[in-house]
Protein chains: 2
Amino acid sequence: MTLSNPNYVFRALADPTRRAIFEELTRRGEQTVHALTRYAGVSQPAVSKHLTVLKRARLVRHRRDGRETHYQAQSDALAPMINWLDNYGAFWRERFDRLEDLLQRMDHE
Amino acid sequence: MTLSNPNYVFRALADPTRRAIFEELTRRGEQTVHALTRYAGVSQPAVSKHLTVLKRARLVRHRRDGRETHYQAQSDALAPMINWLDNYGAFWRERFDRLEDLLQRMDHE
DNA sequence: GAGAACCATAACCAAACGGTTATGGTTTGT
DNA sequence: ACAAACCATAACCGTTTGGTTATGGTTCTC
């Protein structure tokens, strides 16, 4: 897996419409530009441009099929952001604490 | 802990200079605007404006001391971003895989 | 008390951004 | 073969962004 420039990832996800598109692709899986346009509440060209930005960050992949273009989320492209977050202790500690809690509660059931 | 608007957090960290400032504050701890300016490679007003954006996202706090203003990173303000990332499986899977690897290697030593 | 240091804000500017409408190229359906 | 559907790109536009220099308010230092 080739990591994309972290800057592209951070910038791509800074816009709420783009995050919404990415979330939608993750939730409902692969979708055409048409379907995403209905969802996103902006014009089709706007969606196409957002998809270009997401593509640059490798957060989506596309597959042409006739006149349709199907896009799908590529969530492992979040790696640069996750790696960056790894520098911030609270992150891991919080997660492990929660995990520990969970395991304890499971023991006592 | 009051969570700040996720949008502010994402936008604040979308800029590389701002990320650098935040990283520097995390690494080296509390610092004055002056020190950050020497580090950041842009003018002092530019740094002040970046700090304002980081403040809006609650990623930094400041403390006045005479003519100096000391800023410090508030890394638990990353929570909104981390929560958002929690929706993306690859994240956890990757981490647990790595953890599993580590534990296995520890067993065999 | 004068001058220097530190910082925030104002005023300004070019470039990037997020949106629009217009257009044209493929592909599909009839 | 024509019309419609799907999508990307172009052209355009107002706003935001990230930087600058200029300025002024506090607070130190001498």
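- Rounded to an integer number of Å, the gap from A:K55 NZ to D:dT9 P is 7 Å.
- Of the possible polar contacts, none joining the B:T69 side chain to the B:D65 backbone as a donor-acceptor pair under 3.5 Å is found.
- Rounded to an integer number of Å, the gap from B:F10 CZ to C:dG18 C1' is 18 Å.
- For D:dA8, neither phosphate oxygen OP1 nor OP2 lies less than 4.0 angstrom from any side-chain nitrogen or oxygen of A:R64.
- With hydrogens and angles ignored, the 3.5 Å screen pairs a side-chain donor or acceptor of A:R18 with a backbone N or O of A:R11.
- Judged by the 6.0 Å distance and 45° axis criteria, B:R19 is positioned over the aromatic ring of A:F10.
- Looking at B:R64, its side chain does come within 3.5 Å of a backbone N or O of B:G66 through a donor-acceptor pair.
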For nucleotides 19-25 of chain D, which of its nitrogen or oxygen atoms have a protein nitrogen or oxygen under 3.5 Å away, and what is each distance?
{"from": "D:dG19", "atom 1": "OP1", "to": "B:T17", "atom 2": "OG1", "distance (Å)": "3.3"}
{"from": "D:dG19", "atom 1": "OP2", "to": "B:H50", "atom 2": "NE2", "distance (Å)": "2.2"}
{"from": "D:dG19", "atom 1": "N7", "to": "B:K49", "atom 2": "NZ", "distance (Å)": "3.0"}
{"from": "D:dG19", "atom 1": "O6", "to": "B:K49", "atom 2": "NZ", "distance (Å)": "2.4"}
{"from": "D:dT20", "atom 1": "OP2", "to": "B:S43", "atom 2": "N", "distance (Å)": "2.9"}
{"from": "D:dT20", "atom 1": "OP2", "to": "B:S43", "atom 2": "OG", "distance (Å)": "2.5"}

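- In this structure, A:L51 places its CG atom 13 Å from C1' of D:dC6, rounding to the nearest Å.
- Atom C1' of nucleotide D:dC7 and atom CG of A:L36 are separated by 12 Å, given to the nearest angstrom.
- Shown here for B:V42 and B:T37, the closest heavy-atom pair between the two residues is O-CG2, 3.6 Å.
- Along DNA chain C, the nucleotide closest to B:E68 and the one closest to A:G66 are compared, and the more 5′ of them pairs with B:E68.
- Residue B:Y71 has a polar side-chain atom (N or O) positioned under 4.0 Å from OP1 or OP2 of C:dA8.
- Remark: P of C:dC6 and CD of B:Q31 are 14 Å apart, rounded to the nearest angstrom.
- Atom-to-atom, CZ of A:R11 to P of C:dA15 comes out at 16 Å; the value is rounded to the nearest Å.
- Across all strands shown, A:T52 has no heavy atoms under 4.0 Å from either base or sugar-phosphate atoms.
- Scanning both residues, B:F22 and B:L59, for their nearest heavy atoms gives CE1-O, 3.3 Å.
- Atom pair A:D65:CG and D:dC6:P shows a separation of 13 Å (rounding to whole Å applied).
- Atom NE2 in B:H70 sits roughly 17 Å away from atom P in C:dA5 (whole-Å rounding).
- Closest of all the heavy-atom pairs between A:A57 and A:A12 is CB-CB, 4.0 Å.
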